[in-house]
Amino acid sequence: MPLPVRFMSIALLILISAPVWTEGQQPQTTDAQLKARYDELVKRVKGGDKSVDFVQLISAASDLDLASAKSAKVPRRDEMVEAFKKKDYKTATEFAQTVLDYEFTNRGLHRATENAYRELRENSRADFHRDVADSILKALLSTGDGKTLQTAYCVQSINEEYAIMRHFGYEVESQAYLMSEGVG
């Protein structure tokens with residue numbers, strides 16, 4: 001059973017920052033350019049390209065989210081959640097494909113979709129979502145070591161924080177934010 005730990009009391013540090021993922025990366029200037037960059041990386045992953053850098057994919061998704069003036073309403077999301085709750089895996093996976101068009105870097109959604117495909121005995125599709133989820137976690141873990149503020153993991157969401165914490169076997173009871181000059 002995971003050890004309950006207060007988020008502030010552990011040496012593992014996670015940094016939510018502006019999308020600074022790779023050195024020398026040039027920021028895109030228009031929403032269309034950001035979307036094109038993100039869409040191209042997603043297309044490559046869906047096409048089986050194992051050379052895609054998932055740190056760049058996560059960064060592209062974050063850049064696109066930050067550039068959007070308003071949060072996009074993800075079509076079929078509520079229906080997908082209901083289908084998962086009802087264990088209607090066929091419907092859930094159909095809706096998940098639509099939702100993943102908007103949330104391709106959502107590791108938890110890939111895991112849920114993997115499980116649904118396993119229930120449907122569609123193992124190759126399940127394996128694809130497992131591999132994407134594993135690649136997302138590996139990318140997050142590659143951004144730091146979590147030992148200091150300067151080497152904190154770079155994440156873009158609380159869900160990503162929790163994915164890292166679960167990976168190390170921690171159960172989060174509470175959280176707090178630290179502010180530090182010169183980090184981020």
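Reckoned from all heavy atoms, side chains included, excluding hydrogens, waters and symmetry mates.
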Worksheet item: With side chains defined as the heavy atoms from C-beta onward, is the minimum distance between Thr113 and Gln97 less than 4.5 Å?
Response: yes
Worksheet item: Given side chains that start at C-beta, do those of Tyr162 and Val172 come closer than 4.5 Å, heavy atoms only?
Response: yes
Worksheet item: Which residues pass the ring pair (Phe, Tyr, Trp, His ring centres under 6.0 Å) test with Phe104, sequence neighbours left out?
Response: His110
Item to complete: Determine, stepwise, if the pair Arg37 / Ser59 fulfils side-chain contact (heavy atoms from CB on, under 4.5 Å).
Response: CA-CA 10 Å; Arg37 177 174 166 243; Ser59 178; 4.0 Å; yes
Worksheet, complete the sentence: Those residues at least two apart in sequence (or on a different chain) that pass side chain to side chain donor-acceptor pair (under 3.5 Å) with Glu94 are Lys90
Fill in: All side chain to side chain donor-acceptor pair (under 3.5 Å) counterparts of Asn106, not counting sequence neighbours
Glu103
From [X] atom [atom1] to [Y] atom [atom2], the distance as rounded to the nearest 0.5 Å:
| X | Y | atom1 | atom2 | value |
| --- | --- | --- | --- | --- |
| Leu137 | Glu160 | CG | CD | 10.0 Å |
| Asp53 | Ile58 | CG | CD1 | 9.0 Å |
| Thr105 | Leu64 | OG1 | CG | 10.0 Å |
| Leu34 | Tyr38 | CG | OH | 12.5 Å |
| Leu140 | Ser157 | CG | OG | 8.0 Å |
| Glu161 | Arg166 | CD | CZ | 11.0 Å |

Any idea which heavy atoms bring [X] and [Y] closest together, and the distance?
| X | Y | answer |
| --- | --- | --- |
| Glu114 | Ala126 | CG-O, 3.3 Å |
| Leu141 | Tyr153 | O-CE2, 3.5 Å |
| Met80 | Ala96 | SD-CA, 3.6 Å |

With sequence neighbours excluded, what pairs up with [X] under the side-chain contact (heavy atoms from CB on, under 4.5 Å) test?
| X | value |
| --- | --- |
| Glu122 | Tyr117, Leu120, Arg125 |
| Thr91 | Ala83, Asp88, Phe95 |
| Lys87 | Tyr89 |
| Asp127 | Arg118, Arg130 |

Residues that [X] engages under salt bridge (Lys or Arg N to Asp or Glu O under 4.0 Å), provided they are two or more places apart:
| X | value |
| --- | --- |
| Glu79 | Arg76 |
| Lys50 | Asp131 |
| Lys138 | none |
| Lys86 | none |

Would you be so kind as to tabulate the donor-acceptor pairs closer than 3.5 Å made by side chains of residues 40-48, with sequence neighbours excluded?
unit_1, atom_1, unit_2, atom_2, d
Arg44, NE, Asp49, OD2, 2.8
Arg44, NH2, Asp49, OD2, 3.1
Arg44, NH2, Ser51, OG, 3.3
Lys46, NZ, Asp101, OD1, 2.8

Worksheet item: Where do Asp65 and Tyr102 land on the side-chain contact (heavy atoms from CB on, under 4.5 Å) test, with the steps shown first?
Response: CA-CA 10 Å; Asp65 287 345; Tyr102 292 81; over 6 Å; no
Worksheet item: Quick one: which of Asp78, Leu109, Val81 gives a side-chain contact (heavy atoms from CB on, under 4.5 Å) with Val99?
Response: Leu109
